[in-house]
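Everything numeric here is computed off the predicted structure, so don't read it as measured data. Throughout, protein chains are lettered first and strands after them, A, B, ... in sequence-line order, and every chain is numbered starting at 1.
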Protein chains: 2
Amino acid sequence: MLGIEEHNHPGELEPVQRKSTAAIVADQLRSAIMFGSLPPGSQMGEAELATRLGVSRGPLREAMQRLVQEGLLHSEPHRGLFVATLDAADVRDLYTARLAVERSACEQIVRHHRVEAVAELSAAQARMVSAASKGDRVELTDADQEFHETLVRVSRSPRLQRMAQTLLVEKRMCLTALQDKYPADKQALVDEHRGLVDAIEAGDEQLLLARLTEHMNDALDRLNGSLPR
Amino acid sequence: MLGIEEHNHPGELEPVQRKSTAAIVADQLRSAIMFGSLPPGSQMGEAELATRLGVSRGPLREAMQRLVQEGLLHSEPHRGLFVATLDAADVRDLYTARLAVERSACEQIVRHHRVEAVAELSAAQARMVSAASKGDRVELTDADQEFHETLVRVSRSPRLQRMAQTLLVEKRMCLTALQDKYPADKQALVDEHRGLVDAIEAGDEQLLLARLTEHMNDALDRLNGSLPR
DNA sequence: GCGGGTAACATTGTCAACAATCGACCACCC
DNA sequence: GGGTGGTCGATTGTTGACAATGTTACCCGC
């Protein structure tokens, strides 16, 4: 769900994936921030959080340092840690950064992983169609997120993947905060993703990059329409 | 030096930048990794490191979690933390990621911050010229790094900046590991950077992106020439 | 009302001890 | 003899309590 787990064939036995508690706690906090359980700007009392998560302060602090590094929390020494707040400038920045990463991922895909990408992305896109037809907004957002996670994953670039994960969490956080006002022309959203898959399948790099840029601009406009300024 | 500090005009008084000890320790470790004091693959005994840095294990562990998140360390639970090792695939990946980030930074610069960028980048480029004429390889590498830090900084994108910082540390780590074998056609290196500044000054986005891509490819070739495979 | 001082509060940093896990080494049994 | 299983030492992971430090809010004199 969070993009780190691999897609394993069942039955294959691989080295069991063991995470440190700090990593688990970090994942939990990321989810909580993503889905708004920890609203932007809110302070994280570490004593309270520690008891609520059932761990002691040590691992919790380690986890929070990770999120600080990711930019999801910001620390004011001797005052506390706060969930990052996104203003309009941040949202713009977020989308230029996303464009930078996903554009590069697209190039890698078209050049080296086309067939695999089409297969996996089509599946994700199908989920979007199904969610849109059901009118389930949350599932549509999930599928959207999964689509972009997949896009970066099949580029087979660990660094792009790492960078994208943070950006997608921020994007989701943003969407969660605005989910009421988010108008969401569902059909347009689905179509845009379909267009991306088609361009990959056609192997047309220029078209793909143009559509991706367009997609990001549209998404940014949709968000900005909901923002105060 | 490490890219987070702002370039403040002297006399401007801003909120003092106070760092938590974890942040300081993280910076120290980053430098140590960058310059090879902690060679790739080496294990970090936390007891020893803690005493050597004069802090207790708590903040040290927090700092190391940050570096894990950055990908500079990788953790094997109950076994220890190890400095990441870069193979040929990693170096390739590193440069595609750098290209993604710096390309985007260049676009922002040409569109919004041209004059400022030319001023700051020219200064950095001048340092490269001076270092090259002196034949000082370390200073040349420093100036090179500063150039690219500046490039991303003047793009005024916090996220691009954050992503670039990690990538530049890895690049520097890579250069340090190979510094003996690195042939380094100094003149070509200097010329390429000059070409970037010129393209920015001319406002020619196409030319700039082409030159940046070329620059990355050249750098990658220089590195790959030194690598076993 | 305003500035300075003070005291309570919260958070951070530190420490020492305990539990869990791993790698190595060695005795043991088939 | 080769493999099995167990013990030992070392290191990591975790915990709770304590000290240090900065911040906030309040009170007082002017």
- [ ] For B/R156 and B/E116, run salt bridge (charged side-chain N to carboxylate O under 4.0 Å, His left out): C-alpha distance rounded to whole Å, both residues' side-chain angles, the deciding distance at 0.1 Å, then the answer.
- [x] CA-CA 11 Å; B/R156 289 288 148 80; B/E116 180 189 355; 2.7 Å; yes
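- Listed by chain and residue number, nothing satisfies the side-chain hydrogen bond (donor to acceptor under 3.5 Å, both in side chains) test with B/T166 (two or more places apart in sequence, or in another chain).
- Among residues at least two apart or in separate chains, there is no ring pair (Phe, Tyr, Trp, His ring centres under 6.0 Å) pair with a member in residues 51-70 of chain B.
- In this structure, CD of B/E46 is placed 15 Å from C1' of C/dC22, rounded to the nearest angstrom.
- Spacing between atom CG of A/L73 and atom P of C/dT12 amounts to 11 Å, rounded to whole angstrom units.
- Sorted by first and then second residue, the side-chain hydrogen bond (donor to acceptor under 3.5 Å, both in side chains) pairs involving residues 33-44 of chain B (not counting sequence neighbours) form an empty list.
- Within 4.0 Å of B/S20, counting heavy atoms only, lie sugar-phosphate atoms of the nucleic acid but no base atom.
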Ignoring hydrogens and angles, write down the donor-acceptor pairs under 3.5 Å from the side chains of residues 74-84 of chain B, residues two or more places apart or on other chains.
{"residue": "B/E76", "atom": "OE1", "partner": "B/R79", "partner atom": "NH1", "Å": "3.3"}

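- B/S130 is linked by a side-chain contact (heavy atoms from CB on, under 4.5 Å) to B/K134, B/E139, counting only residues two or more places apart in sequence or in another chain.
- Shown here are the salt bridge (charged side-chain N to carboxylate O under 4.0 Å, His left out) partners of A/R61, two or more places apart in sequence or in another chain: A/E46, B/E62.
- Here A/R111 pairs with A/E205 under the side-chain hydrogen bond (donor to acceptor under 3.5 Å, both in side chains) rule; sequence neighbours left out.
- Of all the residues in residues 55-70 of chain A, A/R57, A/R61 reach under 4.0 Å from DNA chain C with at least one non-hydrogen atom.
- Each ring pair (Phe, Tyr, Trp, His ring centres under 6.0 Å) pair with one or both residues in residues 144-171 of chain B, not counting sequence neighbours, appears once here: B/F147-B/H193, B/H148-B/H193, B/H148-B/H215.
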Please write out the pairs of protein N or O atoms and N or O atoms of nucleotides 7-10 of chain C separated by less than 3.5 Å, giving the distance to one decimal.
none

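- Residues forming a side-chain hydrogen bond (donor to acceptor under 3.5 Å, both in side chains) with A/E107 (at least two apart in sequence, or on another chain): B/R103.
- Rounded to whole Å, the distance from CZ on B/F82 to P on C/dC22 is 13 Å.
- Comparing the axis of the opening five pairs of the helix from C/dG1-D/dC30 to C/dC30-D/dG1 with that of the closing five pairs yields an angle of 10°, rounded to 10°.
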